[in-house]
**Q** 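Starting off with a structure, shown below.
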Amino acid sequence: MTPSSIRRRPRRTTSHISVQVAHALLGGVIAILWLVWPELTASPSTDRPAALAPRAPQQEVQETSTADLVLPLAALLAAAAVATYAYVRRTRRIRTRTTPGAPASATAPTLTHPLIQLDARAQALLVEADDCVRTSREELASAAATSAPEAMEPFARALREAEWELSAAFAMRQRYDDGVPSEASARRQALAGIVGRCAEAGRRLDAEAAGFDVVRGLERGIGAALEAAETRFREVAGRTSTAESTLAELGRRYAATAYAPVVGFVEQAKDRLVFTTVHLNQARQSADANEPGRAAAHLRAAEGAIAQAAIFETAVERLAGELSTAGKLTGAALTGAEAEIAGARRRMAEPAGGAQAPGARVPAGELTSRVMHADAVLAAVRETLTGGPCDPLDALRRIVRAVAPVTAARAGVLLVAAELVARSTTAGAADFVATHRGAVGAEARTRLAAARRLLAEEPLTADTLARTALHLAEQDVRTHGTPTPEATPHSTGVGGALLGGILLRDDPTPGPPASFGGPRTRGRHNFPLS
């Protein structure tokens, strides 16, 4: 085999030839100057024949003029030679360096292009890893219904480790989106770290996928698992009418903004249950036809749809409870807010404490402005509460946010109100992402993960992040649309299953059901579902 050093020799030879040509040109110019210089510097009286003596003055003028022309020309040739040599040297450096190179005018695009590519890859891997974790969690819950806890422990541990890696990746991504770090090289390293965390999360799940299949044993027989799924299906289907009645009651009691997060959830729950009905029937038919692989694939699809239908219904019930609690808490929150504002006014009246604000000193005029704003907000909330159907959670949010700039209260009714609002918003965003993950991108998931991390310590910040996550997720879904393959009627629920990530996308048709595992294994049960 030809050594690498020999294989590289032609390129080096070409570069050396260019350099040698430049050297030769420079040497030629120097040689010409060496030959011409004596003629240019010789004295007319000693170097010219006597026969020409009468014409000496005119000849001297001509010689002087010639010298004046030759010297600039020689200098110009020398400068051209030096420039040629510098150009060859620079071209050689550009061609032989290991980093992506280009002329000076193209340097910026060349440097930023890899960073953009790495950013896009990091976002795609975040979405993929998050989907793998969510699907693995759902199937693990289904498997736990028919398996001993000790048998599921290795897979539960792998899931916890994957969740930890994913949480770290989301935290890194949030800092990256916040502009930390700011240097290009450090940002590239941060993106590489996100990619590595996501890869490790997927690797942990991939490593346990085969063992999970063995322990669950659906390919050996789906009898027990199918019965458990049918029992769960009947339970969830029975709650549909209750959720529908609850949503109608919310519409009568509260303003439209109060129950807006769950509008359409009952219809989507029904859609998932239609999908479940189809695939439970096909799972049983495939089992009777002695097609265990196909039967297991239909069962997994049905289990995923049942889990999402339950999320939709639970979200309606949970929001109803939160609105009821918030309605009971608004009076106490108003009283607590008024007490905090009165305390701020007393501090302003004190000679040494007039500029003391929560956690920092601010000018007395600014603190006065904050108090006046809080008073105005509380007055508007009172008017809203007495003016007809309202949104109690939004009322609490307005109260807490208005009073926060003027008080350092860390306990009491205002803290309880802040935590209730943040929990409600975060849970609503989480439900939406879980049931629409086939269309939700990395930014919404990153904000949701940050909201969960800050929920206990900074409820106001968590509430803001969760609201942003929900807005971004809804925007992603509107942009994506509901995928409804032409070959499959929408009445079968396939479009919702694709939107919810229950079925993997295999353009132009739906792919297999997602299952426990990482990116390499989550679509391993690739049996036709039609």
Side-chain angles (χ1 to χ4, degrees), residues 123 126-127 130-131 133-134 137 166-167 170-171 173-174 177-178 243 246-247 250-251 254-269 271-272 307-323 325-326 390-398 400-401 417-482 496 498-501:
Q123 292 190 54
L126 273 172
V127 171
D130 192 38
D131 284 347
V133 166
R134 291 175 182 274
R137 188 187 300 125
L166 181 62
S167 177
F170 274 128
R173 182 70 210 194
Q174 181 64 48
D177 290 343
D178 290 339
T246 301
L247 186 58
L250 294 180
Y254 301 106
T257 57
Y259 57 90
V262 296
V263 169
F265 273 24
V266 174
E267 288 73 17
Q268 293 187 66
D271 183 74
R272 300 296 195 275
Q308 292 197 7
I311 291 175
F312 284 126
E313 296 173 355
T314 302
V316 174
E317 298 164 359
R318 188 200 66 249
L319 182 60
E322 291 166 348
L323 288 171
T325 303
C390 66
D391 183 348
L393 284 170
D394 184 63
L396 289 181
R397 178 183 292 112
R398 294 167 64 189
V400 172
R401 290 189 176 278
E419 291 176 345
L420 174 61
V421 170
R423 282 198 308 270
S424 177
T425 311
T426 304
D431 290 340
F432 189 90
V433 172
T435 52
H436 299 79
R437 59 179 179 261
V440 176
E443 190 175 0
R445 300 176 193 234
T446 300
R447 302 298 176 270
L448 175 59
R452 283 172 162 170
R453 285 195 306 272
L454 298 174
L455 191 57
E457 298 179 358
E458 301 178 35
L460 289 180
T461 305
D463 175 59
T464 300
L465 288 167
R467 295 176 72 189
T468 302
L470 181 59
H471 171 74
L472 292 171
E474 291 173 341
Q475 185 176 356
D476 288 340
V477 172
R478 286 192 298 270
T479 302
H480 185 271
T482 302
L498 285 168
L499 187 62

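Every value quoted in this text rests on a predicted model; they were computed, and no experiment measured them.
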**Q** To the nearest 0.5 Å, what is the distance between CZ (Arg452) and OG (Ser167)?
**A** 10.0 Å
**Q** Are the side chain of Gln308 and the backbone N or O of Gly500 linked by a donor-acceptor pair below 3.5 Å?
**A** yes
**Q** Could you pull out every donor-acceptor pair under 3.5 Å between side chains of residues 465-476 and any protein atom, sequence neighbours left out?
**A**
| residue | atom | partner | partner atom | Å |
| --- | --- | --- | --- | --- |
| Thr468 | OG1 | Thr464 | O | 2.9 |
| Asp476 | OD2 | Gly441 | N | 2.9 |

**Q** Run the ring pair (Phe, Tyr, Trp, His ring centres under 6.0 Å) test against Tyr254 and tell me which residues pass, sequence neighbours left out.
**A** none
**Q** Please find the pair of heavy atoms, one from Ala418 and one from Val400, that lie closest to each other, and give the distance.
**A** CB-CG1, 3.8 Å
**Q** How close do Ala417 and Leu396 get, heavy atom to heavy atom, and via which atoms?
**A** CB-CD2, 4.0 Å
**Q** Donor-acceptor pairs under 3.5 angstrom involving side-chain atoms of residues 424-440: please list them, not counting sequence neighbours.
**A**
| residue | atom | partner | partner atom | Å |
| --- | --- | --- | --- | --- |
| Ser424 | OG | Glu322 | OE1 | 2.7 |
| Thr425 | OG1 | Arg397 | NH2 | 3.0 |
| Thr425 | OG1 | Val421 | O | 2.9 |
| Thr425 | OG1 | Asp463 | OD1 | 2.7 |
| Thr426 | OG1 | Ala422 | O | 2.8 |
| Asp431 | OD2 | Arg318 | NH1 | 2.6 |
| Asp431 | OD2 | Arg318 | NH2 | 3.4 |
| Thr435 | OG1 | Asp431 | O | 2.7 |
| Thr435 | OG1 | Phe432 | O | 3.3 |
| His436 | ND1 | Phe432 | O | 2.8 |
| His436 | NE2 | Gln268 | OE1 | 3.0 |
| Arg437 | NH1 | Glu138 | OE2 | 3.2 |
| Arg437 | NH1 | Ala434 | O | 2.9 |
| Arg437 | NH2 | Glu138 | OE1 | 3.1 |
| Arg437 | NH2 | Glu138 | OE2 | 3.4 |

**Q** Is any side-chain heavy atom of Glu443 closer than 4.5 Å to one of Arg173?
**A** no
**Q** Are any of the side-chain heavy atoms of Gln123 and Leu126 separated by less than 4.5 Å?
**A** no
**Q** What are the two closest non-hydrogen atoms of Cys390 and Ala258, and how far apart are they?
**A** O-CB, 4.2 Å
**Q** Taking the basic N atoms (NZ, or NE/NH1/NH2) and the acidic carboxylate oxygens, is any pair closer than 4.0 Å for Asp131 and Arg445?
**A** yes
**Q** Taking the side chain as C-beta and beyond, is there a heavy-atom pair between Leu448 and Phe170 under 4.5 Å?
**A** no
**Q** With heavy-atom distances below 4.5 Å as the criterion, would you say the side chains of Leu319 and Thr246 are in contact?
**A** no
**Q** Calculate, to the nearest 0.5 Å, the distance between atoms CZ and CZ belonging to Phe265 and Arg272 respectively.
**A** 10.0 Å
**Q** Atom CG of Leu247 and atom CD of Glu313: how far apart are they, to the nearest 0.5 Å?
**A** 12.0 Å
